[in-house]
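Shown next, in structure tokens, is the structure this report addresses.
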Amino acid sequence: MITRLSSLFLRTLRDDPADAEVPSHKLLVRAGYVRRIAPGVYSWLPLGLRVLREVERVVREEMDAIGAQEISLPALLPRQAYETTNRWTEYGPALFRLKDRKNNDYLLGPTHEEMFALTVKGELNSYKDFPVTLYQVQTKYRDEERPRAGILRGREFIMKDSYSFDLDDEGLAKSYAAHRGAYQRMFERLGLKYVIVSAMSGAMGGSASEEFLAESANGEDTFVRCLESGYAANVEAVTTMAPPARSLEGLPEARVLDTPDTATIDALVTWANGADLGRTVTAADTLKNILVKTKLPGGEWELVGVGIPGDREVDTKRLEAALEPAEVVLLTESDFAKNPFLVRGYIGPRALAANGVRYLVDPRVVTGTAWITGADEAGKHVVDLVCGRDFTPDGTIEAAEVRDGDPSPDGGGPLVAARGIEIGHIFQLGRKYTDAFTVDVLGQDGKKVRPTMGSYGVGVSRLVAVIAEQCHDERGLRWPAEVAPADVHLVIAGKDADATAGAEQLAADLDARGVRVFLDDRKASPGVKFADAELLGVPVICVVGRGWKDGMVELRDRFAGTSREVPAAEALELLSGR
Ligand code: ATP
Ligand code: MG
């Protein structure tokens, strides 16, 4: 196929769009691949659509290769099924809800577990029909709180979502492994640098959920890894290595001391080191207590105290993940007013216990550890308050920040933090949805069996941005061959009639050999054409210009940044051999 730039529906921009922060967003807009319609809502112009289609092709090929079958469900869905699973409510403000002319409730699907479970229920009724995996490449809608970076986080976006149905856990594990492999091959072919991180704490069962994160400094997800052991996990999933419990014998008595103006950890540490405690105190010797309110769906608000070593901040995402599915909010002025035993800056375990507040502590707070913490009176702290002797927590919680240098949970060495963009997610869902819709089939022994599900997503439109994010330079995009909108970008440089005719012939010859060619036949200066060629990001730029009279063309490798002169005939061979 020859695409003539003189007639291509394309306008490149010299300046970055005002709302763009990350390179992929700037370049995809400047190169005329996408255009913004509303926050998180974008149009695909010809070149963007081509790259999107190439990404979809790779995704489909790898899904088909594991035996998944493609179907397509509507994005516009009636409320009923989502009511059954309570997601009509639980999904919160991210769900686009709308009404039809008869006042019936509808939604725009954010993900389709309900619909796939119902589809399988409608079609299959015997164990002989299993296992089965269905997928779609389809437009999803989520009213994201912060749509961001163009197509990276859209409110309308394209996802490949698949769902496996197996009769037992062993089958589910196999389907999960098949998806994991398919995703690895997919992202490999797309030329991405990525890591697989466990997305769920060990407590909930090892590999039941993993995320694929493309490495990127502009990513919204923080993950940690251990370079020695290869361990990698979402920060929410990191478990703290707890020290062993210590003996309570011979530990000094707890003492309440006057500590005026020590409502902050810094002030408290300064006081402690001036107070002749017989040891040097650091923030890690203090225990700070944070109060939150939690609510289970349909339940009452409950106060929860969270105790963590004073040298660490609370990581809100970890805190929320640890308390899921409960909703978590900080206390308001009126909550403090209603609970006068909460003395801000001086909250301690004793008042929490005395008032029946559930108290969860960092795993480092083990029996036998002594702490400096609030004494529940303004200007007073307690020193040597010993866990397991003077207070007994109701449990532990992973709410403290994870830091560079913390030990890896697998004991393999220190953790280092990095940032990434989620490109895929695989999840052993279990029977949540087949239970909700009583999806039962006839088992081999004549009894009913309930299939167990896996759910797996790939951010197809997001991938276009992620590839751009990893593959660009200061001059423009640099597509990997697998997804590039063309194979060769042929530039006619100059007005020489012979060179122009030569370029036309070369383009025709390449086309005849199945090479996809951009032919820049516009009436524009070579400088403008070169700049656009670099911006558009086709892997090879072939310049037909001054050298043509000697039978030479110039080949520029956009990926490697190299350039060389070759005879035209050789160029044809080189370019069609790729
Ligand atoms: P995120 O944490 O980035 O919001 P998610 O956990 O909501 O992602 P899933 O519900 O697992 O994502 O969706 C599957 C895949 O769809 C994700 O791995 C991601 O690549 C993609 N995706 C999710 N939300 C968006 C969005 N708003 N825009 C573009 N792609 C998205
Ligand atoms: Mg999300």
Side-chain angles (χ1 to χ4, degrees), residues 1-17 19-20 23-38 40-60 137-139 149-152 154 156-160 190-191 459-469 471-472 475-492 503-504 506-508 510-512 514-524 528-542 558-559 575 578:
M1 183 168 74
I2 301 176
T3 304
R4 290 177 181 276
L5 265 60
S6 58
S7 53
L8 179 62
F9 186 69
L10 169 72
R11 186 169 69 102
T12 56
L13 310 175
R14 202 161 309 156
D15 296 317
D16 290 332
D19 62 336
S24 60
H25 185 192
K26 291 177 187 168
L27 290 170
L28 289 169
V29 172
R30 277 186 49 209
Y33 280 65
V34 298
R35 288 288 181 258
R36 182 181 178 278
I37 294 291
V41 181
Y42 281 76
S43 301
W44 296 88
L45 300 188
L47 300 189
L49 192 59
R50 277 205 203 175
V51 175
L52 178 67
R53 294 286 181 249
E54 295 301 324
V55 172
E56 286 179 7
R57 175 181 54 76
V58 171
V59 170
R60 282 198 171 90
V137 178
Q138 190 239 22
T139 305
I151 54 171
L152 205 53
E156 174 181 286
F157 60 97
I158 298 171
M159 193 199 289
K160 183 288 295 173
L190 296 174
V460 173
S461 51
R462 173 178 287 185
L463 275 171
V464 174
V466 171
I467 297 167
E469 200 61 39
C471 306
H472 71 270
R475 285 176 289 185
L477 299 159
R478 293 197 294 181
W479 297 110
E482 183 90 65
V483 299
D487 302 310
V488 179
H489 189 125
L490 199 53
V491 174
I492 304 174
E504 289 281 353
L506 182 54
L510 285 167
D511 179 39
V515 178
R516 300 170 306 153
V517 183
F518 279 177
L519 179 60
D520 195 347
D521 57 346
R522 294 176 298 174
K523 290 193 182 72
V528 166
K529 292 185 177 184
F530 294 151
D532 274 350
E534 283 169 334
L535 179 60
L536 297 186
V538 171
V540 184
I541 300 168
C542 176
R558 184 73 186 96
F559 228 86
L575 294 175
R578 292 179 72 91

Does R475 have any side chain to side chain donor-acceptor pair (under 3.5 Å) partners at least two apart in sequence or in another chain, and if so, which?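 Once residues adjacent in sequence are excluded, the partners of R475 under the side chain to side chain donor-acceptor pair (under 3.5 Å) criterion are E534.
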Set of side chain to side chain donor-acceptor pair (under 3.5 Å) partners for H489, sequence neighbours left out: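 Partners of H489 by the side chain to side chain donor-acceptor pair (under 3.5 Å) criterion come out as none, since no residue qualifies.
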Do [X] and [Y] come within less than 4.5 Å of each other through their side chains, counting heavy atoms only?
| X | Y | value |
| --- | --- | --- |
| L47 | L8 | yes |
| D16 | R30 | yes |
| V483 | R57 | no |
| V34 | L45 | no |
| V464 | W44 | yes |

Can you tell me how far the [atom1] atom of [X] sits from the [atom2] atom of [Y], to the nearest 0.5 Å?
| X | Y | atom1 | atom2 | answer |
| --- | --- | --- | --- | --- |
| E482 | I467 | CD | CD1 | 9.5 Å |
| R558 | L477 | CZ | CG | 8.0 Å |
| L490 | F518 | CG | CZ | 12.0 Å |
| T12 | D532 | OG1 | CG | 3.5 Å |
| L5 | L519 | CG | CG | 8.0 Å |

State, to 0.1 Å, how close [X] and [Y] come at their nearest heavy-atom pair, and which atoms those are.
| X | Y | result |
| --- | --- | --- |
| L27 | G476 | CD2-CA, 3.8 Å |
| A486 | P539 | O-CD, 3.6 Å |
| A31 | L10 | O-CD1, 3.3 Å |
| I151 | A465 | CG1-CB, 3.7 Å |
| P485 | R50 | O-NH1, 2.7 Å |
| D520 | V491 | CB-CA, 4.2 Å |

What pairs with [X] under salt bridge (Lys or Arg N to Asp or Glu O under 4.0 Å), at least two apart in sequence or on another chain?
| X | result |
| --- | --- |
| D511 | none |
| R36 | D19 |
| R462 | none |
| R516 | E54, D487 |

Salt bridge flag under 4.0 Å for residues K160 and E56: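 Salt bridge between K160 and E56, a charged N being under 4.0 Å from a carboxylate O: no.
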Any donor-acceptor N/O pair, [X] side chain to [Y] backbone, under 3.5 Å:
| X | Y | value |
| --- | --- | --- |
| R478 | F559 | yes |
| Y33 | L536 | yes |
| S461 | I158 | yes |

